[in-house]
Undergrad: 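First, the structure itself, so that you have it in front of you.
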Amino acid sequence: MAGAYDFKAVEKKWRERWNARDLFRVGEDSAKTKRYILEMFPYPSGDLHMGHVRNYTIGDVVARFNTARGFNVLHPIGYDAFGMPAENAAIARGVHPADWTNKNIKTMHEQLKLLGISYDWGREMITAEPEYYRWNQWIFLKFYERGLVYRKEASVNWCPACETVLANEQVEAGVCWRCGSDVEKRQLEQWFFKITDYAERLLNDLDLLEGWPERVRTMQRNWIGRSEGAYVDFAIAGTTEKIKVFTTRADTLFGATFFLLAPEHPLVDELVAGTGREAEVAAFREEVSKETEIDRTSVEIEKKGVFTGRYVVNPVNGEELPIWLADYVLMEYGTGAVMAVPAHDQRDFEFARRYGIPIEVVIQPEGEEFKAEEMAEAYVGDGRMVNSGRFDGLWKDEGARAVTGWLKERGEGDFAITYRLRDWLISRQRYWGTPIPMLYCEHCGVVPVPEDELPVVLPKNVKITQMGGSPLKQVSDFVNTSCPKCGGRARRETDTMDTFVDSSWYYLRFTNPKNDRQVFNSEKVSYWSPVDQYIGGIEHAILHLLYSRFFTKVFYDMGLVKVVEPFTNLLTQGMVIKDGAKMSKSKGNIVDPMDIINRYGADTARLFILFASPPEKELEWSDRGVEGSFRFLNRVWRLVEENATAIRRPEREMGDADNALLRLAHQTVKKVGEDIDSFGLNTSISAIMELVNGMRDYNEARGDQANPAVVKEVTERLILLLAPFAPFISEELWETVGNKESVYHVSWPSYDPEIAKAPEITLVVQVNGKVRDRISVPADISEENMRETALASETVRRYTDGKKIVKVFTVPGRLVNVVVR
RNA sequence: GCCGAAGUGGCGGAAUGGGUAUACGCGCUGGUCUCAAAAACCAGUGGGGGCGACCCCAUGCCGGUUCAAAUCCGGCCUUCGGCACCA
């Protein structure tokens, strides 16, 4: 295709050829080493945005590069197609969520093809199709069999805007992760996955994930929040009944002056009955229940509570402690009950001061003596135990162990570990999700749907309103069924699954997406898993990545997979921003990828996005920068056209300029390969640009005298290096220089270290650490020669004459530093 | 408040097992071509000084270690993320 760079024609031509040949299809091949490259699949919200383009382009470079290097590369794509936006669209515009979703998928599929991403299109999956979500249901049943699914009534997070419950991970700083509404608390009976059973393994195995950013590992570690401490039993005064608390500070047990229960604690009614404080306590509980998560967990808000009229007995000294309810005690953590030690816990301190409860110091640091009445805040540091009977004198940590051990002997406590991680609430009171495969039989109670009756198909004829409650409840055909056990009347569960369930295992399904007999084929999943390189946004640092790790571990225990971690290496890409802010409709700073593709082509869009910033960092959008990338591709185009002519000229002997260009080409091959491996995609492109600059200088200097063999070799190398970044133009140019085969199947070029080696280096000469001269010397110069050359330099002499040379430092092949006095 | 990351030209960014600071690109200035413009190409471009070969200063700020610091250490400042009553 001679003439100007017509990106539209070029990209269309190769897109059609790739499609026709199904170029990117892969299968298992035991003769090759596999590489599984995966980008987080998109939610089909409409059009591809710049963040998607960045994500998929980065992945595509890695995939194409690894293919060129001879690996068998799995690089699939699918659509995370269940979710709220589809339902919102249905409510707003009366479209069926399925139709809305499918239309969006179609658009995004086309756009991904326009971008030229090398996906194995035969593996495309849509999680909203029964062929996929039936396996969600199957997994749910298997988890149920293993005791990892349970149903319980609990105080749960409720998003009033989404009209559904949320998992703990999905509440960010008290607001809904998706819509930003203040989350409320509700008492509801819901389905949970018992992720806490895996807390210890999820925590420990973070150490295996050396290919993950430390930041993400830390976030997960904090989220799991392991605490070592003790359970201690407190008897309710005047009864034999006991309440268990969890504490990490058993050393302060002698300093407990009151006792706290969460307002939701189930024992409250029973305790308060007959104390005459019923009304006051009930009013307090009512007040707390109305608070949003934000109010309740804000540190600034003053702690409040109410006395129950009852007491517990401190097991270490028999003292009676008043039982209060306090809003800062959470039912979901530990046991929902706390011993309060105001001298050594800031929250208890504030509470005690507010309600006039005594404060007693039981830990004293060396060289200081705290007096309860003088303290302005709790003392939480180290020190020795005081006022603690036989334990006096022990340091904080040994004291905690000693007290716990002593309680354990007496049967009043034990060592314990708790986690901040809560079980994963997966029920959603929404329509557009996977139906939970459970039945409620009038006689048998809760009954799982038998495996051979899957899938429980999501009915299409549903009225979706914003009225709240599961829309499926209204579909009597769906709800009313018979019990598989007794044949009697039963009704189906009408809640659907959290859509994070869908994305917790899709990467394994890609190894065998069309399998209608098994969730995955064991050979295929063994061949491809784990994912070698996973790429996506940091916003999933906890949510999706933690859930996926949990699923993989359960699958491992089930014998379904042989790996304990799903993603060996993780790259968290940075956001695309414009004018310093995240692109968003409300700010009006959105750049539509399709505009860029229409104006400059996909290759330019890809190149700019990769060149403007390293993948993990934010990318500041720049229209000028895009033009620069487009100019570069035009330069490459003209250069290759020019060289295609030069290649046909008669042979000639190698000269210095030829060797120099060849050297540059080999150096560039080395650098580009190394940089892609370490995700220095911006620097690999700059290296390619330098090669192009070198080639241009060569052509200008040599004119008709150019060496055809050198030109051919260097031009071909250039095209091969460019191919992962700008695949369309590379295909075309590859053809221009006379090749028939698709560049996709051509091996990555090798480099010869001998050719890449420079015959001369620049010797930097410093005097007292300041650069004074730069001298070109042979690369293999000895240290002795370096020293001599440096001292002989005229510039250097000006600084050394009349001075005493104290010492001369040499760095082989680089630098000499002369120290004078 | 706690944890983490990052501060380099006018801008995006290079260079960290200490050793040529500012690669590559954008922008800007001048030039070639043109009736003119665009495109393309060529040259220049951290700041300051000198007629000059050159010199001084500069990687958020202040100190330190070293022959040598963007890079290591200590202390600040700023920005951005995450967590946020977890007993």
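Proteins get letters first, then strands, A, B, ... in listed order; numbering begins at 1 in each. Bear in mind that the values here come from a model prediction, so they are computed numbers and not experimental data. Reckoned from all heavy atoms, side chains included, excluding hydrogens, waters and symmetry mates.
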Undergrad: State whether the distance check finds a donor on one side and an acceptor on the other, under 3.5 Å, for side chain A/Arg631 versus base B/A40.
TA: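 Absent.
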Undergrad: In whole angstrom, what separates A/Tyr600's OH from B/C26's P?
TA: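 Between P of B/C26 and OH of A/Tyr600: 13 Å.
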Undergrad: Check this for me, if you would: do A/Glu350 and A/Arg347 make a salt bridge, where the nitrogen-to-carboxylate-oxygen distance has to be below 4.0 angstrom?
TA: no
Undergrad: Classify A/Gly628 by what it touches in the nucleic acid, base, sugar-phosphate, or nothing, heavy-atom distance under 4.0 Å.
TA: sugar-phosphate
Undergrad: Give A/Gln766 one of three labels, base, sugar-phosphate or nothing, depending on what nucleic acid heavy atoms sit under 4.0 Å from its own.
TA: base
Undergrad: Take atom CG of A/Leu330 and atom P of B/C85, then tell me their distance rounded to the nearest Å.
TA: 7 Å
Undergrad: Which base, if any, makes a Watson-Crick or G-U wobble pair with B/A68, both distances under 3.5 Å?
TA: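 B/A68 is paired with nothing.
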Undergrad: Give one of base, sugar-phosphate or nothing for A/Asn682, where a contact means two heavy atoms less than 4.0 Å apart.
TA: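 Sugar-phosphate: the residue A/Asn682, judged by heavy atoms under 4.0 Å, touches backbone atoms but no base.
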Undergrad: For the side chain of A/Asn693, starting at C-beta, report the closest nucleotide among B/C24, B/A15, B/U20.
TA: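 Output: B/C24.
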Undergrad: By nearest atom, which of the nucleotides B/U20, B/G12, B/C41 is closest to the A/Arg638 side chain?
TA: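 Ranking B/U20, B/G12, B/C41 by closest atom to the A/Arg638 side chain puts B/C41 first.
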Undergrad: Please measure how far the P atom in B/G48 lies from the corresponding atom in B/U32, and state the result in whole Å.
TA: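 Their P atoms lie roughly 27 Å apart.
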Undergrad: Count the heavy atoms belonging to other residues, nucleotides or ligands that lie under 6.0 Å from CZ of A/Arg354, then report whether that count exceeds 12.
TA: yes
Undergrad: Answer yes or no: is there a side-chain heavy-atom contact under 4.5 Å between A/Val819 and A/Ile805?
TA: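 No, too far: nothing below the 4.5 Å cut-off.
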Undergrad: Could you work out the separation of B/C2 and B/C56 based on their P atoms and round it to a whole Å?
TA: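 Those two atoms are separated by 45 Å.
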Undergrad: Would you kindly give the CD-to-C1' distance between A/Glu616 and B/A5, to the nearest whole Å?
TA: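 So the two atoms are 12 Å apart, to the nearest Å.
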Undergrad: Please give, in whole Å, the distance from B/G13 P to A/Asp675 CG?
TA: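 From A/Asp675 CG to B/G13 P: 17 Å.
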Undergrad: Between B/A23 and B/U78, how many Å separate the two C1' atoms, rounded to a whole number?
TA: 28 Å
Undergrad: A/Ser686 or A/Thr762: which one's nearest nucleotide on RNA chain B is closer to the 5' end?
TA: A/Thr762
Undergrad: B/C73 and B/U66: how far apart are their P atoms, nearest whole angstrom?
TA: 16 Å
Undergrad: Taking pairing as Watson-Crick or G-U wobble with both contacts under 3.5 Å, can you name the mate of B/G52, or confirm there isn't one?
TA: none
Undergrad: Classify the nucleic acid contact of A/Ser622 as base, sugar-phosphate or nothing, counting any heavy atom under 4.0 Å across all strands shown.
TA: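 Answer is nothing: A/Ser622 stays at 4.0 Å or more from every strand.
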Undergrad: For B/U20 and B/G46, measure between their C1' atoms and round to the nearest Å.
TA: 16 Å
Undergrad: Between B/G18 and B/G31, how far is it from one P atom to the other, in whole Å?
TA: 48 Å
Undergrad: In plain terms, say whether A/Lys396 and A/Asp251 are close enough for a salt bridge, that is, a side-chain N and a carboxylate O under 4.0 Å apart.
TA: no
Undergrad: Let's test this: given Watson-Crick or G-U wobble pairing with both distances under 3.5 Å, identify the partner of B/A21.
TA: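 Per the H-bond distance test, none.
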Undergrad: Looking at B/G4, which nucleotide sits across from it as a Watson-Crick or G-U wobble partner, both distances under 3.5 angstrom, or is there none?
TA: B/C80
Undergrad: Taking atom types as modelled and ignoring hydrogens, do the side chains of A/Tyr333 and A/Arg420 form a donor-acceptor contact shorter than 3.5 angstrom?
TA: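 Short answer, no.
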Undergrad: Remember a base hit wins even if backbone is also touched, and classify A/Arg217 as base, sugar-phosphate or nothing at under 4.0 Å, heavy atoms.
TA: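 Since no nucleic acid heavy atom lies under 4.0 Å of A/Arg217, the category is nothing.
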Undergrad: What is the distance, rounded to the nearest whole Å, between atom CD of A/Glu350 and atom P of B/C85?
TA: 13 Å
Undergrad: So A/Arg624, base contact, sugar-phosphate only, or nothing? Heavy-atom distance under 4.0 Å.
TA: sugar-phosphate
Undergrad: Distance between the P atoms of B/C33 and B/A38, in whole angstroms?
TA: 15 Å
Undergrad: What about A/Arg422, does its side chain sit under 3.5 Å from the base of B/C86 through a donor-acceptor pair?
TA: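 By the distance-only test, yes, there is a pair.
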Undergrad: Measure from the ring centre of A/Phe809 to the centre of the six-membered ring in the base of B/C67, then say whether that distance is under 5.5 Å and the planes meet at under 30°.
TA: yes
Undergrad: Describe the nucleic acid contact of A/Tyr799 in one word from base, sugar-phosphate, nothing, applying a heavy-atom distance below 4.0 Å.
TA: sugar-phosphate
Undergrad: What nucleotide, of B/C24, B/C85, B/G13, holds the atom closest to the side chain of A/Met689?
TA: B/C24
Undergrad: Tell me which nucleotide among B/C41, B/A87, B/G13 gets nearest to the side chain of A/Arg635.
TA: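 Of the options given, the side chain of A/Arg635 lies nearest B/C41.
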Undergrad: Among B/C42, B/C24, B/A87, which nucleotide has an atom closest to any side-chain atom of A/Arg696?
TA: B/C42
Undergrad: State whether A/Asp801 and A/Arg797 are salt-bridged, where the test is any N-O pair (Lys NZ or Arg NE/NH1/NH2 against Asp/Glu carboxylate O) under 4.0 Å.
TA: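 Salt bridge: no.
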Undergrad: For B/G44, what is the paired nucleotide under Watson-Crick or G-U wobble rules, both distances under 3.5 Å?
TA: B/C28
Undergrad: Need the pair for B/C85. Rule: Watson-Crick or G-U wobble, both distances under 3.5 Å, any strand; none if unpaired.
TA: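 Pairing partner: none.
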Undergrad: So, does the side chain of A/Glu214 form a donor-acceptor pair with the base of B/G4 at under 3.5 Å?
TA: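 No, no donor-acceptor pair under 3.5 Å.
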Undergrad: Is B/G9 syn or is it anti, if syn means the base angle is within 90 degrees of 0?
TA: syn
Undergrad: Round to a whole Å and report the spacing from CG of A/Leu691 to P of B/C24.
TA: 13 Å
Undergrad: Compare the minimum distances between each of B/G19, B/C24, B/C55 and the side chain of A/Arg772, then state the nucleotide with the smallest one.
TA: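 Per side-chain heavy atoms of A/Arg772, the pick is B/C55.
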Undergrad: Base, sugar-phosphate, or nothing: which does A/Val764 touch, judged by heavy atoms less than 4.0 Å apart?
TA: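 The answer is base, as A/Val764 lies within the cut-off (heavy atoms under 4.0 Å) of a base atom.
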Undergrad: Do the side chains of A/Glu674 and A/Lys670 get close enough for a salt bridge, i.e. N-O under 4.0 angstrom?
TA: yes
Undergrad: Pick the closest RNA chain B nucleotide for A/Ser613 and for A/Thr335 by heavy atoms, then say which residue is nearer the 5' end.
TA: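 The residue whose closest nucleotide sits nearer the 5' end is A/Ser613.
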Undergrad: With a 4.0 Å cut-off on heavy atoms, is A/Asp348 in touch with a base, just the backbone sugar-phosphate, or nothing at all?
TA: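 Answer is nothing: A/Asp348 stays at 4.0 Å or more from every strand.
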Undergrad: When the P atoms of B/A6 and B/A87 are considered, how many whole Å apart are they?
TA: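 B/A6 and B/A87 have their P atoms separated by 29 Å.
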Undergrad: Taking the side chain of A/Arg347 as its heavy atoms from C-beta onward, which of B/A14, B/G25, B/C86 lies nearest to it?
TA: B/C86
Undergrad: With a 4.0 Å cut-off on heavy atoms, is A/Arg814 in touch with a base, just the backbone sugar-phosphate, or nothing at all?
TA: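 The residue A/Arg814 makes sugar-phosphate contact but no base contact.
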Undergrad: For A/Arg221, look at atom CZ and say whether over 12 heavy atoms of other residues, nucleotides or ligands are found less than 6.0 Å away.
TA: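 More than 12 heavy atoms, drawn from other residues, nucleotides or ligands, come within 6.0 Å of this atom.
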Undergrad: Under a 3.5 Å cut-off for both distances, is B/A38 Watson-Crick or wobble paired, and to whom?
TA: none
Undergrad: Is the cationic atom of A/Lys807 (NZ for Lys, CZ for Arg) positioned less than 6.0 Å from the six-membered ring centroid of A/Phe809 and within 45 degrees of its normal?
TA: yes
Undergrad: Between P on B/G12 and CD on A/Glu627, what's the gap in Å once rounded to a whole number?
TA: 18 Å
Undergrad: Need one value for A/Val338: base, sugar-phosphate or nothing, where a base atom within 4.0 Å counts as base even if backbone is also close, heavy atoms only.
TA: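 It contacts base atoms.
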Undergrad: Between A/Glu264 and A/Arg285, is there a side-chain N and carboxylate O pair less than 4.0 Å apart?
TA: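 A/Arg285 and A/Glu264: not salt-bridged.
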Undergrad: How many Å lie between CH2 on A/Trp223 and P on B/G4, as a whole number?
TA: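 These atoms are roughly 19 Å apart.
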Undergrad: Quick check for you: among B/C85, B/G4, B/C41, whose closest atom lies nearest to any side-chain atom of A/Arg215?
TA: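 The nucleotide sitting nearest to the side chain is B/G4.
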Undergrad: Ignoring hydrogens and angles, are the base of B/C85 and the side chain of A/Lys303 linked by a donor-acceptor pair under 3.5 Å?
TA: yes
Undergrad: Give the nucleotide from the list B/U20, B/C86, B/G25 with an atom nearest to the side chain of A/Val771.
TA: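 For the A/Val771 side chain, the nearest candidate turns out to be B/U20.
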Undergrad: Could you tell me whether A/Ser227 contacts a base, only the sugar-phosphate backbone, or nothing, with contacts defined as non-hydrogen atoms closer than 4.0 Å?
TA: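 Sugar-phosphate contact only.
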Undergrad: Using a heavy-atom cut-off of 4.0 Å across all strands, would you classify A/Glu332 as base, sugar-phosphate, or nothing?
TA: nothing
